[in-house]
Amino acid sequence: LSYEIEEWNTAGESPVWVQVPAISGPGDYITAYWGQTNATVPPSYTQDGSTWSEGYELVLHLNSNVNDSVSSPLTVIDQDSDDAAGIVARAREFDSSTNNYLEPLIDAGWYGDHITNLTISVWGRPDSTTPRSPFGVLGGLFDSLYIKPSRGTWSYRVSDQTKLGSSIQPAQWQMLG
């Protein structure tokens, strides 16, 4: 199975992302082994983005940097977010009193080519019921992509389609997507 090591910690936990075809129930699992001392060079797929080759356009782990992990990465501008503890590994903190967010630099032509079957998944932990938008590109009618709060719920906009999501739960981790 292809995998990406987000961060290796020889003295503790290390987040590793594994490309698994499907896990459909409690009887499905994967087993990891490590400690093979003669394996000094990791396989190329651990660093070249091929773990995310199944149609992923943007994969951000949001650890100490905001680098895209796919093989043809997009540039993402970090507008003053801070490193913070996350639900799985490191994360980014967006201060609700300032205008912190992540802005992927997406060409307007991208939307028409990639809008079908688009899924956005983000874990978030807002500090209030009125947080600021943590992620997005605000363009015209057909070139916007963002997650933002709207009347107590998360609002998602992709191109000219807006969808309301789950209620905003302050101080709780929740899946936004």
Side-chain angles (χ1 to χ4, degrees), residues 3-20 23 49 51-52 54-70 73-108 110-111 114-115 117-177:
Y3 61 91
E4 176 188 354
I5 299 171
E6 182 177 337
E7 175 186 3
W8 190 253
N9 180 353
T10 58
E13 295 181 4
S14 299
V16 178
W17 301 90
V18 181
Q19 185 185 49
V20 178
I23 294 180
T51 298
W52 308 103
E54 302 296 319
Y56 289 89
E57 295 290 331
L58 177 68
V59 174
L60 301 174
H61 299 303
L62 303 182
N63 46 30
S64 59
N65 64 58
V66 294
N67 296 336
D68 188 358
S69 288
V70 300
L74 291 171
T75 299
V76 178
I77 304 298
D78 182 357
Q79 303 289 353
D80 297 323
S81 69
D82 294 315
D83 183 53
I87 192 169
V88 175
R90 299 303 300 164
R92 303 306 299 168
E93 180 176 1
F94 305 95
D95 188 335
S96 63
S97 65
T98 60
N99 197 18
N100 306 131
Y101 59 96
L102 299 179
E103 179 182 7
L105 300 183
I106 300 173
D107 182 86
W110 179 89
Y111 295 90
H114 298 89
I115 208 65
N117 299 321
L118 180 67
T119 300
I120 299 173
S121 298
V122 177
W123 278 98
R125 187 176 185 267
D127 58 0
S128 72
T129 56
T130 57
R132 292 185 179 264
S133 177
F135 177 86
V137 176
L138 184 57
L141 179 60
F142 295 105
D143 61 350
S144 292
L145 171 67
Y146 60 77
I147 300 170
K148 71 174 192 170
S150 177
R151 291 182 234 129
T153 62
W154 291 105
S155 172
Y156 309 93
R157 182 175 178 95
V158 178
S159 189
D160 62 343
Q161 303 292 315
T162 301
K163 174 186 165 195
L164 290 178
S166 58
S167 297
I168 297 170
Q169 302 293 323
Q172 294 180 29
W173 283 104
Q174 58 190 120
M175 177 63 113
L176 317 176

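All residue numbers in this chain count up from 1 along the given sequence.
Scanning all heavy atoms of the two residues, the minimum distance from L60 to V66 falls at CD2-O, 3.3 Å. Between V70 and Y56 the shortest heavy-atom distance is CG1-O, 3.6 Å. A89 approaches P15 most closely through the heavy-atom pair CB-CG, 3.5 Å. I168 and P126 get closest at one heavy-atom pair: CG2-CG, 3.7 Å.
When the side-chain hydrogen bond (donor to acceptor under 3.5 Å, both in side chains) test is applied to E6, the partners found at least two apart in sequence or on another chain are W17, N63. Remark: D78 pairs with R92 by the salt bridge (charged side-chain N to carboxylate O under 4.0 Å, His left out) rule, at least two apart or across chains.
Contact annotation: the side chain of Q169 approaches that of S167 to within less than 4.5 Å [non-hydrogen atoms, C-beta and beyond].
Side-chain contact check for E7 and H61: no donor-acceptor pair (N or O, by modelled atom type) lies under 3.5 Å.
Distance alone, capped at 3.5 Å, places no donor-acceptor pair between the S81 side chain and the F94 backbone. For the pair E93 (side chain) and D82 (backbone), a donor-acceptor distance under 3.5 Å is absent. No donor-acceptor pair under 3.5 Å is formed between the side chain of D80 and the backbone N or O of N100.
Residue Q174 holds its CD atom at 9.0 Å from CH2 of W123, rounded to the nearest 0.5 Å. Between the CG atom of N67 and the CG atom of L62 there is a distance of 10.5 Å, given to the nearest 0.5 Å.
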Can you list the steps and then say if D68 with V59 is a side chain to side chain contact (heavy atoms under 4.5 Å, CB included)? CA-CA 5 Å; D68 188 358; V59 174; 4.3 Å; yes
R90 and D83: CA distance, side-chain angles, deciding distance, side chain to side chain contact (heavy atoms under 4.5 Å, CB included) verdict: CA-CA 7 Å; R90 299 303 300 164; D83 183 53; 3.0 Å; yes
